[in-house]
Number of protein chains: 2
Amino acid sequence: MKPTKVTNSIRALRFAHGEMKQADLAAAVGVTRQTLIAIEQGKYSPSLEVAFKIARAFGVSLDEVFQYPEED
Amino acid sequence: MKPTKVTNSIRALRFAHGEMKQADLAAAVGVTRQTLIAIEQGKYSPSLEVAFKIARAFGVSLDEVFQYPEED
DNA sequence: TGGTGATGTCAGGTTTCTTTGACATCAGGA
DNA sequence: TCCTGATGTCAAAGAAACCTGACATCACCA
């Protein structure tokens with residue numbers, strides 16, 4: 001797949017939210033565990049809809065979860 | 001395709017930025033004109049990467065371009 | 001009248017994201 | 001030791017996003 005330029009803070013946010021398990025977050029977001037792992041590891045960038053759901057699961061804004069580098 | 005729940009302010013932002021044409025924005029973002037039209041009309045929600053590029057083209061944050069409703 | 005630019009639509013293909021299902025590793029506890 | 005839970009990997013298939021290319025409409029102006 002495409003190596004994504006988008007980075008994220010999902011792992012840090014999970015641990016900041018009571019050692020939240022990947023499976024629990026996946027269920028809260030509405031995706032599979034495999035999908036969440038791939039996103040968390042930066043294998044690819046999610047759809048905007050999934051990104052919103054992840055941010056909302058943590059109660060933060062998109063910018064606090066995902067970062068996009070300056071230049072291409 | 002999937003009717004997306006994500007709404008956006010692309011059209012308003014285009015006009016707020018000197019009557020920017022769809023073709024110009026598409027070129028700045030790096031997608032085709034057809035893709036930009038579909039996103040602007042809410043036909044589907046873009047990838048996170050494209051979303052970031054659109055926000056950056058206007059010089060604003062993601063939250064100022066895309067909105068996600070409260071509940072499913 | 002005719003031409004041009006901006007917007008929108010459609011069909012078809014390709015790429016990327018997501019799912020399902022199976023399996024592997026590793027730490028910790030009974 | 002054996003079992004369980006949390007994490008990670010892989011392959012194959014489906015769904016969603018994105019592309020190319022052609023055409024349609026509408027406003028505007030020479």
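In what follows, chains carry the letters A, B, and so on, assigned in the order in which the sequence lines appear, proteins first and then strands, with residues in each chain numbered from 1.
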Gap between atoms [atom1] and [atom2], on [X] and [N] respectively (whole Å):
| X | N | atom1 | atom2 | value |
| --- | --- | --- | --- | --- |
| B:Ile39 | D:dC19 | CD1 | C1' | 12 Å |
| B:Leu36 | D:dC19 | CG | P | 10 Å |
| A:Asp24 | D:dG5 | CG | P | 13 Å |
| A:Leu25 | C:dT18 | CG | P | 13 Å |
| B:Ile37 | C:dT9 | CD1 | P | 8 Å |
| A:Gln22 | C:dT18 | CD | P | 16 Å |
| A:Ile10 | D:dT7 | CD1 | P | 13 Å |
| A:Lys43 | C:dT19 | NZ | P | 15 Å |

Is any side-chain N or O of [X] closer than 4.0 Å to OP1 or OP2 of [N]?
| X | N | result |
| --- | --- | --- |
| B:Arg11 | C:dG8 | yes |
| A:Ser47 | D:dA16 | no |
| B:Thr32 | D:dC18 | no |
| B:Arg14 | C:dT7 | yes |

**Study point:** First of B:Gln41 and B:Glu49 reached from the 5' end of DNA chain C, by closest nucleotide
**Key:** B:Gln41
Please determine, for the side chain of [X], which listed nucleotide ([options]) has the closest atom?
| X | options | answer |
| --- | --- | --- |
| B:Lys21 | C:dT18, C:dG8, C:dT7 | C:dT7 |
| B:Glu40 | D:dT20, C:dG8, D:dT9 | C:dG8 |
| B:Arg33 | C:dT7, D:dC19, C:dT18 | C:dT7 |

Review point. Considering only heavy atoms from C-beta outward, does the side chain of A:Arg14 approach that of A:Glu19 to under 4.5 Å?
Key: no
Check whether [X] reaches the backbone of [Y] with its side chain - one donor and one acceptor, N or O, closer than 3.5 Å.
| X | Y | answer |
| --- | --- | --- |
| B:Ser9 | B:Ala12 | no |
| A:Arg56 | B:Tyr68 | yes |
| B:Glu64 | B:Ser61 | yes |

Point to revise | Closest heavy-atom pair and its distance - A:Phe66, B:Phe52 | key: O-CZ, 3.6 Å
Check your understanding: Of B:Gln34 and B:Val50, whose closest DNA chain D nucleotide lies nearer the 5' terminus?
Key -> B:Val50
